[in-house]
Amino acid sequence: MFGDETRRPQGREIYDDYAALWHLESIGVLGLLRDGPKPRKGRKSRVAVIDTSVAVDHPCLMPAIDRTLAIDFFSNRLGAFPCHPGDHRLTLDLPNLATTVADDLPETRALLGELVDRLSPGAIAHVNGVAPATSPDFSNHGTAIAGLVGARPALVEIAAEYRGAGAQALTVPLPYAGVDPFCELVPISTNFDTDPEMLILAFLYAEIIGADVVLLPRSIPDPGRIVPELASVDLDGEDLGALATQVEIPPRERALWDELARLIVAVSMRRPVICAAGNSQESGGIYPANLASEHNGVIAVGAANAKGMVAGYSQVAGATLLAPSNDAETFDRVSVRLDEQQARFADRLCPPHNDNRKFSHFEIVSTDVPGRHGYSYSPYASDEPPEGLREFGSYFCRFGGSSAASAIVAGFVSLGRSLGEIDACADGPAARNWLLSRCVSIDTDEGSFLYPSWTGKVSFPDLYGL
């Protein structure tokens with residue numbers, strides 16, 4: 001707690017500055033990266049990111065993205081390859097085409113056969129001339145996620161028209177890094193339609209390409225698992241989950257939803273599947289994070305703020321671990337946690353007993369779609385110049401939620417692969433166990449939680465008010 005003598009004037013928007021890479025410092029990775037670790041020889045750690053599309057031309061992401069394997073299931077049922085010309089013929093190096101992950105899943109096995117045929121040598125990159133849906137308009141979330149996992153520092157030349165007449169070439173550094181700047185990112189673009197086929201295909205593709213880590217920083221809108229508790233309630237002989245469904249689900253679609261849940265667990269037995277645990281204080285985690293158990297490789301990630309407190313929107317219950325992220329205000333029967341520097345704080349009738357000291361204004365900084373799209377917009381209304389950079393503010397954004405936390409954990413596990421800390425043959429449960437062995441226990445009055453730490457020590461930079 002803090003005394004009145006150290007309390008800042010309320011409602012004045014007085015916020016401390018903070019380091020953009022505080023989350024790397026907090027988990028003990030920043031010092032490691034500064035020391036120049038040597039990654040394991042051979043193929044890079046491969047992280048499959050099942051999310052929206054990614055701005056693959058971002059300078060900090062270009063060296064990390066595998067453009068050959070990046071795929072989009074948003075626009076085409078069996079996928080299109082956004083980084084290939086439309087008439088390009090595929091010649092992919094796919095290490096796991098003979099996977100048996102769907103052997104016990106009949107509908108999924110049929111989809112696997114279709115996907116394998118689709119990926120055969122000589123197949124066309126775009127289907128029926130339909131362009132992939134990977135516009136910058138769609139790429140906000142995926143770009144921020146990709147940066148937290150595997151961005152690299154970059155040197156970028158200022159565009160000629162913005163240097164001034166006669167000025168010499170000038171480069172500027174973009175000193176940003178993800179948790180594992182040695183990894184390889186494979187964007188698997190999806191949308192949020194209630195379509196189990198698309199997500200089954202996305203997980204099958206992650207399996208086929210031999211991903212070392214699968215990251216799903218979102219929920220899946222399975223109508224029977226959005227509120228999983230309903231399915232276990234019998235109401236006069238009928239399943240309450242089925243009764244609460246607004247539209248009847250056809251039998252094949254219901255089978256696909258059921259097989260998707262089984263597929264995610266089956267994939268996690270071979271490679272870790274890291275999921276965001278949710279942003280609404282879900283006590284069991286959102287689906288599919290709520291599939292996590294000590295018997296599989298699904299990892300549910302909640303969020304902790306820069307004070308080492310559970311983020312206002314997160315929960316300890318149901319989470320495998322918590323990782324760095326931003327915070328949120330709360331005002332409910334459980335907790336009142338308000339930002340006392342918010343301009344209209346005095347108008348909000350804050351009760352005398354509160355948890356305001358736990359609130360942190362620190363956010364996560366990540367990569368953003370350059371230019372006028374993305375979370376952080378450019379001051380210029382036009383598209384970016386064909387070559388060079390005219391301003392760098394729009395290249396980065398403020399980010400957060402359990403999405404950010406899950407991306408940081410995915411990068412952490414990938415770094416374990418890259419540096420040989422995790423055996424190359426380790427399966428999903430083994431990778432999960434390694435991750436837990438690299439966690440420390442944080443005790444708060446909201447409960448204890450595990451927090452990743454490369455060194456066995458953690459730091460939390462926002463000490464004001466504690």
Side-chain angles (χ1 to χ4, degrees), residues 13 15-23 49 51-62 64-65 70 72 74 82-83 131-164 170-178 185 187 189-192 217-218 276 279 313 325-329 339 341-344 361-404 407-408:
E13 302 284 339
Y15 295 104
D16 290 334
D17 293 336
Y18 54 91
L21 299 179
W22 71 264
H23 55 283
V49 181
D51 197 11
T52 67
S53 52
V54 174
V56 297
D57 292 327
H58 191 294
C60 295
L61 295 177
M62 279 193 290
I65 302 292
D72 170 47
F74 190 126
C83 300
T134 53
S135 160
D137 287 342
F138 309 133
S139 302
N140 301 11
H141 196 269
T143 301
I145 289 293
L148 288 172
V149 177
R152 275 81 151 150
L155 281 174
V156 185
E157 187 171 307
I158 298 294
E161 59 265 42
Y162 297 95
R163 294 201 300 263
L170 176 66
T171 58
V172 294
L174 301 179
Y176 187 85
L185 298 170
S189 307
T190 58
N191 59 34
F192 286 83
R218 49 164 283 192
N279 298 334
Y313 51 81
S325 195
N326 67 343
D327 204 356
E329 296 181 309
D339 177 4
Q341 290 303 310
Q342 201 267 352
R344 297 184 60 84
H361 71 276
F362 283 38
E363 297 182 87
I364 299 294
V365 174
S366 191
T367 48
D368 193 33
V369 179
R372 59 196 179 98
H373 301 288
Y375 293 122
S376 181
Y377 307 137
S378 168
Y380 300 93
S382 60
D383 289 333
E384 289 294 281
E387 295 182 3
L389 172 147
R390 62 184 172 191
E391 53 80 32
F392 62 85
S394 74
Y395 282 59
F396 301 94
C397 64
R398 296 178 296 176
F399 195 53
S402 60
S403 294
I408 289 169

Is it true that, when you exclude [X] itself, more than 12 heavy atoms of the residues, nucleotides or ligands shown sit nearer than 6.0 Å to its [atom1]?
{"X": "Arg398", "atom1": "CZ", "value": "no"}
{"X": "Glu13", "atom1": "CD", "value": "yes"}
{"X": "Tyr377", "atom1": "OH", "value": "no"}

For [X] and [Y], which heavy atoms make the closest approach, and how far apart are they?
{"X": "Trp22", "Y": "Ile364", "value": "CZ2-CD1, 3.6 Å"}
{"X": "Tyr18", "Y": "Glu363", "value": "OH-N, 3.1 Å"}
{"X": "Ala55", "Y": "Thr143", "value": "N-OG1, 2.9 Å"}
{"X": "Ala177", "Y": "Pro153", "value": "CB-CD, 4.2 Å"}
{"X": "Ser189", "Y": "Thr134", "value": "OG-CG2, 3.9 Å"}
{"X": "Ala146", "Y": "Val54", "value": "CB-CG1, 4.0 Å"}

SG of Cys397 to CG of Asn140: how many Å apart, nearest 0.5 Å?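 Going from the SG atom of Cys397 to the CG atom of Asn140 covers 8.0 Å.
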
Could you measure the distance from the CG atom of Leu155 to the CG atom of Leu389? Nearest 0.5 Å is fine.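 Going from the CG atom of Leu155 to the CG atom of Leu389 covers 11.5 Å.
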
Under the criterion side-chain hydrogen bond (donor to acceptor under 3.5 Å, both in side chains), which of Asn326, Asp327, Asn279 is the partner of Tyr313?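 Testing each of Asn326, Asp327, Asn279 against Tyr313, the sole residue satisfying side-chain hydrogen bond (donor to acceptor under 3.5 Å, both in side chains) is Asn326.
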
Is there a donor-acceptor pair closer than 3.5 Å between any side-chain N or O of [X] and the backbone N or O of [Y]?
{"X": "His58", "Y": "Pro370", "result": "no"}
{"X": "Ser403", "Y": "Pro217", "result": "yes"}
{"X": "Glu157", "Y": "Gly388", "result": "no"}
{"X": "Asp72", "Y": "Pro82", "result": "no"}
{"X": "Arg152", "Y": "Gly150", "result": "yes"}
{"X": "His23", "Y": "Val365", "result": "no"}
{"X": "Ser378", "Y": "Arg372", "result": "no"}

Derivation of the side-chain contact (heavy atoms from CB on, under 4.5 Å) call for Arg218 and Thr190: CA-CA 11 Å; Arg218 49 164 283 192; Thr190 58; 3.0 Å; yes

Taking the six-membered ring for Trp and the full ring for Phe, Tyr or His, determine whether the centres of His141 and Tyr375 are under 6.0 Å apart.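 His141 vs Tyr375: aromatic centres not under 6.0 Å.
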
With a 6.0 Å cut-off on ring centres, are Tyr176 and Phe392 close enough?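 Here the rings of Phe392 and Tyr176 have centres that are no less than 6.0 Å from each other.
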
Tell me, do [X] and [Y] make a side-chain contact under 4.5 Å, heavy atoms counted?
{"X": "Tyr395", "Y": "Cys60", "value": "no"}
{"X": "Thr52", "Y": "Phe192", "value": "yes"}
{"X": "Pro385", "Y": "Arg390", "value": "yes"}

Does the plane of the ring in Tyr15 sit parallel, tilted or perpendicular to the ring in His361? Use 30° and 60° as the thresholds.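 The arrangement is tilted - the two ring planes meet at 30° to 60°.
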
Verdict with reasoning, Asp368 to Phe399, per side-chain contact (heavy atoms from CB on, under 4.5 Å): CA-CA 9 Å; Asp368 193 33; Phe399 195 53; over 6 Å; no

